[in-house]
A.B. asks: 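So that we are looking at the same thing, I have put the structure below in structure tokens.
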Amino acid sequence: MEHQQRSQPRLSPSSDTEDMVMLLAPRLAYFAGVARTEHVTRAAQEMDVPQSTLSRAMVRLEQDLGVDLFARIGRTVSLTPAGRTFLGSVERALGEIRRAADEVRADADPATGKVAFGFLHTMGSETVPGLIRAFRADHPRVRFSLVQNYGEAMIERLRAGELDLCLTSPVPDAPDLVARRLDEQKLRLVVPADHPLAARRRVRLAEAAEESFVTLEPGYGLRRITDDLCQEAGFKPRIAFEGEEAETLRGLVAAGLGVALLPPPAFPRPGVVELTVTAPRAAREIGVAWLDGHPDTPPVAAFKKFLLSRRGNLLP
């Protein structure tokens with residue numbers, strides 16, 4: 001049978017792509033089954049669908065495309081050249097769908113699923129590894145996709161569906177998010193080891209009013225907290241350097257380039273002295289956030305329950 005172009009296809013070349021996909025997609029598996037067996041009755045039996053349903057689906061598919069995909073002799077069919085071209089793409093598309101289905105099922109598996117977890121840079125060296133180690137004592141095969149970033153960027157990724165949970169500070173307050181306070185972390189005034197204040201153990205933040213500060217960039221939660229605490233102490237900080245990572249700021253302080261308000265380090269840093277701030281009260285709240293109304297897979301629900309159980313005992 002010669003390949004024939006049908007008249008008046010339902011889908012013109014200018015048809016909207018989304019409309020085309022919605023119209024064709026339900027029939028692609030049927031088409032692949034008939035193409036594989038080259039027999040309508042046998043394909044219907046293998047796919048457990050009525051033969052009449054399968055025959056109508058193939059006729060409508062050809063009508064929608066405006067192209068003959070099969071040459072028919074009774075219930076036996078053979079692919080036309082157009083049908084063979086179409087089959088190659090259909091099999092690749094169905095293969096991608098099968099792989100995607102396998103992947104999402106694997107990620108949702110209670111024992112071996114995946115949690116997409118975001119957290120602040122300052123929690124990456126000690127806090128988060130300790131949390132995951134403790135969680136995996138009871139869930140040894142759960143996998144994690146870990147993202148370190150500043151708070152606002154993680155909230156954006158939550159909203160985009162790229163993260164399941166995130167540890168952040170300040171604890172966000174937004175109608176589309178659920179957030180729970182988990183712990184509090186005291187901040188210290190970090191000064192160079194040869195600084196006049198270095199001989200002290202405690203300091204009022206106002207005593208640093210004339211100092212140059214090294215801080216995180218605008219948009220970071222710790223930067224906002226630093227600005228607010230300085231304002232409460234009666235001054236606006238003079239910013240000498242802005243960075244993206246707390247330990248880099250400690251290095252700048254050690255080099256004598258300024259002072260900084262930072263959470264405690266995972267390990268002591270030579271060249272700096274860390275002072276307790278007595279006034280105003282210098283601390284940041286750490287919380288966990290997730291998208292409101294977003295359904296949890298079993299591994300995400302288990303890790304969320306674990307994090308909430310660590311309220312008041314989150315930090316090392």
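Values in this document were obtained by computation on a predicted structure and should not be read as measured data. Nothing fancy with the numbering, it's 1 onward along the sequence.
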A.B. asks: Does a side-chain heavy-atom distance below 4.5 Å link Phe135 with Leu307?
C.D. replies: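 No, side chains not in contact.
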
A.B. asks: Go through the steps to decide whether Thr248 and His121 satisfy the test side-chain contact (heavy atoms from CB on, under 4.5 Å), and finish with yes or no.
C.D. replies: CA-CA 11 Å; Thr248 300; His121 290 283; over 6 Å; no

A.B. asks: Could you check whether any side-chain N or O of Arg238 sits under 3.5 Å from a backbone N or O of Glu210, counting only pairs where one atom can act as donor and the other as acceptor?
C.D. replies: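 Side chain of Arg238 to backbone of Glu210, a donor-acceptor pair under 3.5 Å: yes, one is there.
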
A.B. asks: Out of curiosity, does Leu291 fall in the hydrophobic cluster containing Val104 (side-chain heavy atoms, cut-off under 4.5 Å, transitive links)?
C.D. replies: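 No, Val104 and Leu291 fall in different hydrophobic clusters.
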
A.B. asks: What closest approach, in Å, do Leu261 and Thr226 show between heavy atoms, and which atom pair accounts for it?
C.D. replies: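 Scanning both residues, the minimum pair turns out to be CB-OG1, 3.9 Å.
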
A.B. asks: Same hydrophobic cluster for Ile225 and Tyr220, using side-chain heavy-atom links shorter than 4.5 Å among ILVMFWY?
C.D. replies: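 Ile225 and Tyr220: one cluster.
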
A.B. asks: Taking Arg99 first and then Asp102, would you say they form a salt bridge - that is, a charged N and a carboxylate O separated by under 4.0 Å?
C.D. replies: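 No, this pair does not count.
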
A.B. asks: Does the side-chain contact (heavy atoms from CB on, under 4.5 Å) test come out yes or no for Gln51 and Val40, once each step is laid out?
C.D. replies: CA-CA 7 Å; Gln51 179 180 311; Val40 176; 3.8 Å; yes

A.B. asks: To the nearest 0.5 Å, what is the distance between OG on Ser169 and CG on Asp183?
C.D. replies: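 Rounded to the nearest 0.5 Å, the OG-CG separation comes to 11.0 Å.
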
A.B. asks: Search all heavy atoms of Arg188 against all heavy atoms of Pro265 and return the closest pair with its distance.
C.D. replies: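 Shortest heavy-atom separation between Arg188 and Pro265 comes out as NH1-CD, 4.2 Å.
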
A.B. asks: Please work out which of the three classes, parallel, tilted or perpendicular, describes the rings of Phe119 and Phe117, given edges at 30° and 60°.
C.D. replies: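 The arrangement is tilted - the two ring planes meet at 30° to 60°.
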
A.B. asks: Is there a continuous path of hydrophobic side-chain contacts, each under 4.5 Å between heavy atoms, that joins Leu275 to Phe213?
C.D. replies: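 Yes, it is one cluster - the side chains of Leu275 and Phe213 are joined through contacts under 4.5 Å.
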
A.B. asks: Test side-chain contact (heavy atoms from CB on, under 4.5 Å) on Leu229 and Val277; report intermediate values, then the result.
C.D. replies: CA-CA 11 Å; Leu229 286 172; Val277 179; over 6 Å; no

A.B. asks: Applying salt bridge (charged side-chain N to carboxylate O under 4.0 Å, His left out) between Glu62 and each of Arg27, Arg72, Arg56, report the one that passes.
C.D. replies: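 For Glu62, the salt bridge (charged side-chain N to carboxylate O under 4.0 Å, His left out) check succeeds only for Arg72.
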
A.B. asks: Tell me, do Val190 and Leu249 make a side-chain contact under 4.5 Å, heavy atoms counted?
C.D. replies: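 No, too far: nothing below the 4.5 Å cut-off.
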
A.B. asks: Please report the interatomic distance CD(Glu244) to CD(Gln148), rounded to the nearest 0.5 Å.
C.D. replies: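 The CD atom of Glu244 sits 12.5 Å away from the CD atom of Gln148.
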
A.B. asks: Determine whether Glu232 and Arg281 satisfy the following criterion, salt bridge (charged side-chain N to carboxylate O under 4.0 Å, His left out), listing intermediate values before the conclusion.
C.D. replies: CA-CA 10 Å; Glu232 190 175 347; Arg281 188 171 182 276; over 6 Å; no

A.B. asks: Under a 3.5 Å cutoff, is there a donor and acceptor pairing between the side chains of Arg92 and Ser89?
C.D. replies: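 Judged by distance alone, the side chains do pair up.
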
A.B. asks: Can you confirm if the aromatic rings of Phe86 and Phe70 lie within a centre distance of less than 6.0 Å?
C.D. replies: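 Not under 6.0 Å, so no.
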
A.B. asks: Between His39 (side chain only) and Arg42 (backbone N and O only), is there a donor and an acceptor less than 3.5 Å apart?
C.D. replies: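 A pair under 3.5 Å: yes.
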
A.B. asks: Verify salt bridge (charged side-chain N to carboxylate O under 4.0 Å, His left out) between Arg159 and Glu156, making sure each step is shown before the conclusion.
C.D. replies: CA-CA 5 Å; Arg159 289 179 170 135; Glu156 291 177 5; over 6 Å; no

A.B. asks: Distance from Arg36 atom CZ to Leu87 atom CG, nearest 0.5 Å?
C.D. replies: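 Output value for this atom pair is 9.5 Å.
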
A.B. asks: Any donor and acceptor pair, going by atom type alone, linking the side chain of Asp164 with main-chain N or O of Ala116 inside 3.5 Å?
C.D. replies: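 A pair under 3.5 Å: yes.
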
A.B. asks: Can you see which heavy atom on Pro110 is nearest to which on Pro299, and at what distance?
C.D. replies: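 Nearest pair, atom of Pro110 first, then Pro299: CA-CD, 4.2 Å.
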
A.B. asks: Salt bridge (charged side-chain N to carboxylate O under 4.0 Å, His left out) between Asp227 and Arg224: does it pass, once the steps are laid out?
C.D. replies: CA-CA 5 Å; Asp227 290 344; Arg224 187 159 66 251; over 6 Å; no

A.B. asks: Is there a chain of hydrophobic side chains (I, L, V, M, F, W, Y, each step under 4.5 Å between heavy atoms) that links Val171 to Trp290?
C.D. replies: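 Cluster IDs for Val171 and Trp290 differ.
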
A.B. asks: Between Thr122 and Arg284, is any side-chain donor less than 3.5 angstrom from a side-chain acceptor?
C.D. replies: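 Short answer, yes.
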
A.B. asks: Do Arg141 and Thr112 get their side chains close enough for a donor-acceptor pair, meaning under 3.5 Å?
C.D. replies: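 Absent: no donor and acceptor within the cut-off.
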
A.B. asks: Mind running side-chain contact (heavy atoms from CB on, under 4.5 Å) on Met123 and Leu315 for me, showing each step along the way?
C.D. replies: CA-CA 9 Å; Met123 309 189 77; Leu315 304 172; 3.6 Å; yes

A.B. asks: Looking at side-chain heavy atoms only, is the closest gap between Pro263 and Leu222 below 4.5 Å?
C.D. replies: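 When only atoms from C-beta onward are counted, Leu222 and Pro263 do touch, with a gap below 4.5 Å.
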
A.B. asks: In Å and rounded to the nearest 0.5 Å, what is the CG to CZ distance from Leu308 to Arg180?
C.D. replies: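 Answer for the CG-CZ pair, Leu308 versus Arg180, is 7.5 Å.
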
A.B. asks: With heavy-atom distances below 4.5 Å as the criterion, would you say the side chains of Leu163 and Met154 are in contact?
C.D. replies: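 Yes, close enough: below the 4.5 Å cut-off.
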
A.B. asks: When you compare the side chains of Ser78 and Glu38, does any donor N or O come within less than 3.5 Å of an acceptor on the partner?
C.D. replies: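 Per modelled atom types, Ser78 and Glu38 side chains form no pair under 3.5 Å.
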
A.B. asks: With the 4.5 Å side-chain cut-off for hydrophobic clustering, are Val147 and Ile286 part of the same group?
C.D. replies: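 Yes; tracing contacts between hydrophobic side chains, which count when under 4.5 Å, links both residues.
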
A.B. asks: More than 12 heavy atoms of other residues, nucleotides or ligands under 6.0 Å from CD of Glu217: yes or no?
C.D. replies: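 It does: Glu217 CD has more than 12 such atoms within range.
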
A.B. asks: Could you check if a side-chain atom of Leu131 sits within less than 4.5 angstrom of a side-chain atom of Phe306, using non-hydrogen atoms only?
C.D. replies: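 Sidechains of Phe306 and Leu131: in contact.
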
A.B. asks: For a 4.5 angstrom cut-off between non-hydrogen side-chain atoms, does Ile132 reach Leu146?
C.D. replies: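 SC-SC contact between Ile132 and Leu146 confirmed.
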
A.B. asks: Once you round to the nearest 0.5 Å, how far does CZ of Phe241 lie from CG of Leu216?
C.D. replies: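 It is 14.5 Å, given to the nearest 0.5 Å.
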
A.B. asks: So Leu165 and Lys304, do their side chains get closer than 4.5 Å, heavy atoms only?
C.D. replies: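 They are in side-chain contact.
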
A.B. asks: Any non-hydrogen side-chain atom of Ile155 less than 4.5 Å from a side-chain atom of Leu158?
C.D. replies: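 Yes, side chains in contact.
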
A.B. asks: Give me the atom names and distance for the closest heavy-atom approach of Glu274 to Pro264.
C.D. replies: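 Looks like OE1-CA, 4.4 Å.
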
A.B. asks: Give the intermediate values and the outcome of side-chain hydrogen bond (donor to acceptor under 3.5 Å, both in side chains) for residues Arg202 and Thr276.
C.D. replies: CA-CA 5 Å; Arg202 295 177 176 82; Thr276 299; 5.3 Å; no

A.B. asks: Do you know the tightest heavy-atom contact between Ala29 and Met47?
C.D. replies: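 For Ala29 versus Met47, the nearest heavy atoms are O-SD, 3.7 Å.
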
A.B. asks: Taking all heavy atoms of Ala82 and all of Asp68, pick out the closest pair and write down the distance.
C.D. replies: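 Here Ala82 and Asp68 meet closest at CB-O, 4.0 Å.
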
A.B. asks: What distance do Leu189 atom CG and Glu211 atom CD have between them, rounded to the nearest 0.5 Å?
C.D. replies: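 If I round to the nearest 0.5 Å, the distance is 8.0 Å.
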
A.B. asks: In this structure, are over 12 heavy atoms from other groups packed under 6.0 Å from Asp173 atom CG?
C.D. replies: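 Count not over threshold, so no.
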
